[in-house]
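All of these numbers come straight from a predicted model, not from anything done at the bench. Every chain is numbered from 1, with letters handed out A, B, ... down the list of sequences.
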Amino acid sequence: MAEPGQTSSIEDQIRLREDKAQALRAAGAHPYGNGVEVPHTSGFLHARHDTDDGPALEAKLTEPYSIAGRVMAIRAMGKVSFISLRDRDGDLQVFVKKDKVPPADFERLKLLDLGDIAFARGRAMRTRTGELSIEAVEFRLLTKALRPLPEKWHGLSHIETRYRQRYVDLATNLEVRQIFKRRAKLITALRRFLDERDYVEVETPILHKPEEAGGAAARPFATHHNTLGLDLKLRIATELHLKRLIVGGLERVYEIGRIFRNEGVDRTHNPEFTSIELYQAYATHEDLMTLTEQLVSRLCVEVTGTAEAPYQGTMIDYRAPWPRLSMVGEVAKAFGLVGSLTEQLDALTRADFVSKAGDDKEARHKLSRAQSTGEKIAWAFEALVEPMLPRDRPCFVVDFPLEVSPLARKRDTEPRLVDRFEAFAGGFEIANAFSELNDPRDQEERFRAQVNKAASGDHEAMPYDRDFVRALEHGMPPTAGEGIGIDRLVMLLTDSPTIRDVLLFPLMKPLAEESVEDAVDSGPARLVDGEKH
RNA sequence: GGGAGCGUAGCUCAAUUGGCAGAGCAAUGGACUCUUAAUCCAUAGGUUGACGGUUCGAUUCCGUCCGCUCUCACCA
């Protein structure tokens with residue numbers, strides 16, 4: 001056991017806690033026992049008794065409550081201790097009085113550390129200072145924590161450790177729990193919204209054969225199935241399988257799921273992220289704009305309580321209707337054009353576009369590689385118009401060129417354009433939708449164009465999915481479909497600056513540590529686990 | 001990949017022109033029957049991210065590497 005004059009390095013602190021676990025065993029108390037019944041939570045007690053004052057609780061002589069949670073504070077006053085327990089709802093104080101608990105329970109408080117999981121039973125009361133507490137008639141340590149918690153006042157603020165050891169982040173920083181509760185609430189509300197509209201939730205393969213790995217412009221992760229000797233890709237979209245289900249007659253389907261794209265990491269991109277794609281037969285992209293306005297504004301209300309939510313200093317009003325901007329129109333406007341716009345934009349040279357891009361290196365670079373007017377328009381839009389989109393409102397961008405939309409339906413009145421929109425909010429894209437291309441011969445042509453792009457070095461071009469064309473040959477009803485980035489919606493509705501804040505375990509580079517073999521050889525992890533991350 | 005910044009005790013942070021690496025919390029021993037960042041007395045805790053270099057002497061200056069943040073590029 002502990003001796004005065006010993007060190008308090010992390011290794012020693014762990015060793016001391018292990019000694020305490022041993023002492024508990026010796027006293028007949030299992031430091032990792034189970035089978036405890038915990039019928040109540042801190043939230044339950046607060047909800048039931050926050051309005052009762054001390055005399056009221058005294059008069060009620062409440063039933064004994066049982067709660068359990070992590071020990072967040074121990075204030076020992078000799079024969080009285082105040083112990084804050086934190087459960088899934090929050091914190092509740094337990095008042096442990098020497099003459100109210102079994103002697104063994106009080107004796108074992110010496111073996112209790114911050115961070116341990118403990119159990120308390122007793123009636124509700126208020127302490128002299130008025131704090132709702134449980135007056136323990138039983139207090140037990142349930143689980144011995146071997147590592148200390150971060151500091152009580154500042155918590156854990158080191159960003160890297162917060163992401164790498166999210167369990168510590170969640171245990172100490174209550175606001176982090178709120179983000180992920182909101183995330184769950186958003187997804188639940190999203191399901192309810194679509195279920196109410198007679199959509200059916202489905203699951204399609206994540207492992208795609210190479211020719212299936214389309215549905216978006218992105219590079220996939222490659223993997224392999226051993227027994228079939230089959231190279232596979234992780235999906236970059238759910239689109240092509242969901243449309244097969246529309247052919248099959250399900251008519252309204254959606255899938256919420258993980259998407260994998262082998263690309264860089266930044267504020268709005270993580271290699272794996274969550275999307276929802278939804279497809280509705282006999283709907284058009286116009287119908288989906290209405291649906292999107294209803295959906296997002298309702299999610300905002302359900303998650304935050306109102307239809308407005310602040311994002312990074314700007315209040316965003318999600319109520320319908322959202323302003324609409326024409327991609328082609330805005331680019332033409334930038335060139336001072338009126339009339340039949342695409343033809344006039346055709347007449348512009350690459351140099352005209354590049355000159356408009358000004359100092360924007362990215363736009364200049366992309367424009368220099370663009371092979372069609374449509375691509376030039378799309379890049380010019382990104383460079384010239386996207387930065388000017390309204391900040392206090394979401395908005396729709398419409399009138400997309402055909403060349404950047406290989407799966408979207410041509411517009412009947414203007415075949416150079418497609419019936420497509422993207423929704424923007426907070427400075428980034430949150431949704432992409434279109435009336436689906438259901439003409440199998442047109443789809444073949446678009447796939448061929450993609451294959452040509454791939455041949456000329458475009459790593460993001462889609463493969464030619466023959467089975468998808470065959471599905472279309474069976475007849476897909478007129479359909480509209482939409483993809484929404486769940487993580488980005490959660491960012492908006494939790495005011496989170498980066499996607500990592502809304503992912504429980506964002507991808508991090510591994511730290512240089514000793515090999516697993518070394519760890520196994522040397523026994524307890526504390527000997528190889530560098531604390532300084 | 002380029003540029004800028006950061007990395008000090010378990011946690012949150014200090015350290016003067018290069019001169020013995022410090023504090024608060026947590027920990028350990030003790031006191032205390034109403035605390036809530038409890039208080040009081042005492043004690044202990046460091047490979048200053050790693051490896052080199054310059055120097056009598058490096059947390060500090062230089063180089064390489066690792067990780068993180070921001071940014072540009074790449075990438076929807």
Side-chain angles (χ1 to χ4, degrees), chain A residues 1-17 19-20 54 72-84 91-100 106 110 113-115 125-133 135 145-165 168 172-173 216-219 236-237 259 261-269 271 273 275 360-362 364-366 369 378-379 382 386 404 422 428-430 432 458-460 483 485 488 497-498 500 506 508-513 526 529-533:
Chain A
M1 270 308 288
E3 295 296 334
Q6 71 185 16
T7 68
S8 58
S9 67
I10 183 62
E11 290 83 5
D12 291 317
Q13 290 192 47
I14 289 171
R15 210 165 286 129
L16 266 164
R17 285 166 176 245
D19 290 345
K20 288 177 181 174
M72 299 307 289
I74 304 173
R75 291 180 288 274
M77 325 283 307
K79 297 188 178 63
V80 165
S81 280
F82 300 89
I83 296 164
S84 296
D91 295 353
L92 185 68
Q93 179 170 273
V94 179
F95 181 46
V96 187
K97 219 171 177 178
K98 188 174 183 182
D99 52 18
K100 288 278 171 82
F106 197 82
K110 283 187 196 137
D113 287 299
L114 292 180
M125 52 90 71
R126 284 196 185 274
T127 59
R128 204 168 286 168
T129 50
E131 177 152 350
L132 181 68
S133 308
E135 186 178 54
L146 297 182
R147 289 177 183 272
L149 285 175
E151 200 221 11
K152 61 184 169 191
W153 192 241
H154 299 93
L156 177 66
S157 62
H158 195 254
I159 289 181
E160 186 179 348
T161 310
R162 287 188 45 224
Y163 294 150
R164 288 191 193 274
Q165 299 179 29
V168 179
T172 23
N173 301 328
R219 298 176 77 163
I236 58 169
I259 302 294
R261 295 185 182 174
N262 206 338
E263 288 160 2
V265 176
D266 66 24
R267 211 169 62 76
T268 55
H269 296 85
F273 62 98
S275 81
D360 188 330
K361 275 196 214 147
E362 181 184 5
R364 295 177 82 100
H365 176 82
K366 291 193 163 157
R369 284 201 323 196
W379 296 130
E382 193 166 300
E386 260 190 47
V404 295
E422 284 186 356
F428 44 82
E429 178 196 335
I430 56 170
N432 178 22
D458 185 342
H459 295 290
E460 298 189 339
R488 290 180 180 181
T498 88
R500 289 179 155 193
M508 303 289 282
K509 281 197 196 179
L511 296 166
E513 287 187 88
R526 65 170 189 267
D529 181 9
E531 278 299 312
K532 205 53 244 159
H533 289 165

Expressed as a whole number of angstroms, how long is the span from A:Ile83:CD1 to B:U33:P?
16 Å
Whole-angstrom distance between B:C25 and B:G7, as gauged at atom P
24 Å
Selection from B:U33, B:G10, B:C13 that lies nearest to any side-chain heavy atom of A:Ser157
B:C13
Any donor-acceptor pair under 3.5 Å linking the side-chain atoms of A:Gln165 with those of A:Arg147?
no
What is the distance, to the nearest angstrom, from the NZ atom on A:Lys100 to the C1' atom on B:C34?
12 Å
C1' atoms of B:U17 and B:G1, separation to the nearest Å:
37 Å
Considering Watson-Crick and G-U wobble pairs with both distances under 3.5 Å, what does B:G45 pair with?
none
Please state how far atom NE2 in A:His158 lies from atom P in B:U69, giving the value in whole angstrom units.
10 Å
With both distances kept under 3.5 Å, what pairs with B:U17, Watson-Crick or G-U wobble?
none
Over all strands shown, is A:Ser9 touching base, sugar-phosphate only, or nothing at heavy-atom distances under 4.0 angstrom?
sugar-phosphate
Could you work out the separation of B:G57 and B:C74 based on their C1' atoms and round it to a whole Å?
46 Å
Please state whether the base of B:U28 and the side chain of A:Ser8 form at least one donor-acceptor pair under 3.5 Å?
no
Using purine N1 to pyrimidine N3 plus N6-O4 or O6-N4 for Watson-Crick, or N1-O2 and O6-N3 for G-U wobble, both under 3.5 Å, which nucleotide pairs with B:C25?
B:G10
Within the structure shown, what part of the strands sits under 4.0 Å from A:Lys509 by heavy-atom distance: base, sugar-phosphate, or nothing?
sugar-phosphate
A:Asn173 versus A:Leu156, closest heavy-atom pair with distance
ND2-O, 3.0 Å
For the C1' atoms, the ones on B:G18 and on B:G30, what distance do you get once it is rounded to whole angstrom?
43 Å
Can you sort out the partners of A:Lys100 under salt bridge (Lys or Arg N to Asp or Glu O under 4.0 Å), two or more places apart, ordered by chain and number?
A:Glu135
Does A:Gly264 or A:Arg267 map to a spot on RNA chain B nearer the 5' end, using the closest nucleotide for each?
A:Arg267
Is A:Arg75 close to A:Gln93 at the side-chain level, that is, under 4.5 Å between some pair of heavy atoms?
yes
Distances under 3.5 Å between protein N/O atoms and the N/O atoms of nucleotides 37-41 of chain B, please, pair by pair.
residue: B:A37; atom: O3'; partner: A:Lys152; partner atom: NZ; Å: 3.2
residue: B:A38; atom: OP1; partner: A:Lys152; partner atom: NZ; Å: 2.2
residue: B:A38; atom: OP2; partner: A:Arg75; partner atom: NH1; Å: 3.0
residue: B:A38; atom: N6; partner: A:Ala76; partner atom: O; Å: 3.1

Strictly below 4.0 Å: does A:Arg500 bring a side-chain N or O up to OP1 or OP2 of B:U69?
yes
Indicate whether OP1 or OP2 belonging to B:C68 is found under 4.0 Å from a side-chain N or O atom of A:Arg164.
yes
Comparing A:Arg126 and A:Gly155 on RNA chain B - which has the more 5′ nearest nucleotide
A:Gly155
If I pick the C1' atom on B:U48 and the same atom on B:C20, what distance separates them, to the nearest angstrom?
15 Å
The nucleotide from B:U33, B:C74, B:A27 with an atom nearest the side chain of A:Leu114 is B:A27
For atom P, what is the distance between B:C41 and B:G53, given to the nearest Å?
47 Å
The nucleotide from B:G10, B:U33, B:C68 with an atom nearest the side chain of A:Met508 is B:C68
Give me the distance, rounded to whole Å, that separates B:G5 from B:G49 when you measure between the C1' atoms they each carry.
16 Å
How far apart are the closest heavy atoms of A:Arg126 and A:Gly54, and which atoms are they?
CD-N, 3.7 Å
Whole angstrom is fine here: how far is it from CG in A:Leu156 over to C1' in B:C68?
14 Å
What I want to check is whether an N or O donor and acceptor connect the side chain of A:Gln93 with the base of B:U35 at under 3.5 Å.
yes
Identity of whatever pairs with B:C70 - Watson-Crick or G-U, under 3.5 angstrom:
B:G3
Could you check whether A:Glu160 pairs with A:Arg164 (Lys NZ or Arg NE/NH1/NH2 to Asp/Glu carboxylate O, under 4.0 Å)?
yes
Separation of the C1' atoms in B:C6 and B:A50, to the nearest angstrom
16 Å
In terms of side-chain heavy atoms of A:Glu160, which of B:C68, B:U28, B:U35 is nearest?
B:C68
When rounded to the nearest 0.5 angstrom, what distance separates CD in A:Gln13 from CG in A:Leu146?
11.5 Å
Between CD1 of A:Ile159 and P of B:U12 the distance, given in whole Å, is 11 Å
Quick check for you: among B:U12, B:C70, B:C74, whose closest atom lies nearest to any side-chain atom of A:Thr498?
B:C70
Rounded to whole Å, the CG-C1' distance (A:Leu16 to B:G29) equals 12 Å
Does A:Glu429 form a side chain to side chain contact (heavy atoms under 4.5 Å, CB included) with A:Arg488? I'd like the steps, not just the answer.
CA-CA 8 Å; A:Glu429 178 196 335; A:Arg488 290 180 180 181; 4.0 Å; yes
Going by heavy atoms in the side chains, are A:Lys79 and A:Asp99 under 4.5 Å from each other?
no
I need the CD1-C1' distance between A:Ile14 and B:A9, as an integer number of Å.
14 Å
Minimum heavy-atom distance A:Ala218-A:Ile236, with the two atoms named
O-CD1, 3.7 Å
Strand partner of B:C34, provided both Watson-Crick or wobble distances fall under 3.5 Å:
none
What integer distance in Å separates A:Glu135:CD from B:U33:P?
16 Å
Pairing nucleotide - B:U59, Watson-Crick or G-U, each distance under 3.5 Å
none
Pick base, sugar-phosphate or nothing for A:Asn432, based on heavy-atom distances below 4.0 Å to the nucleic acid.
nothing
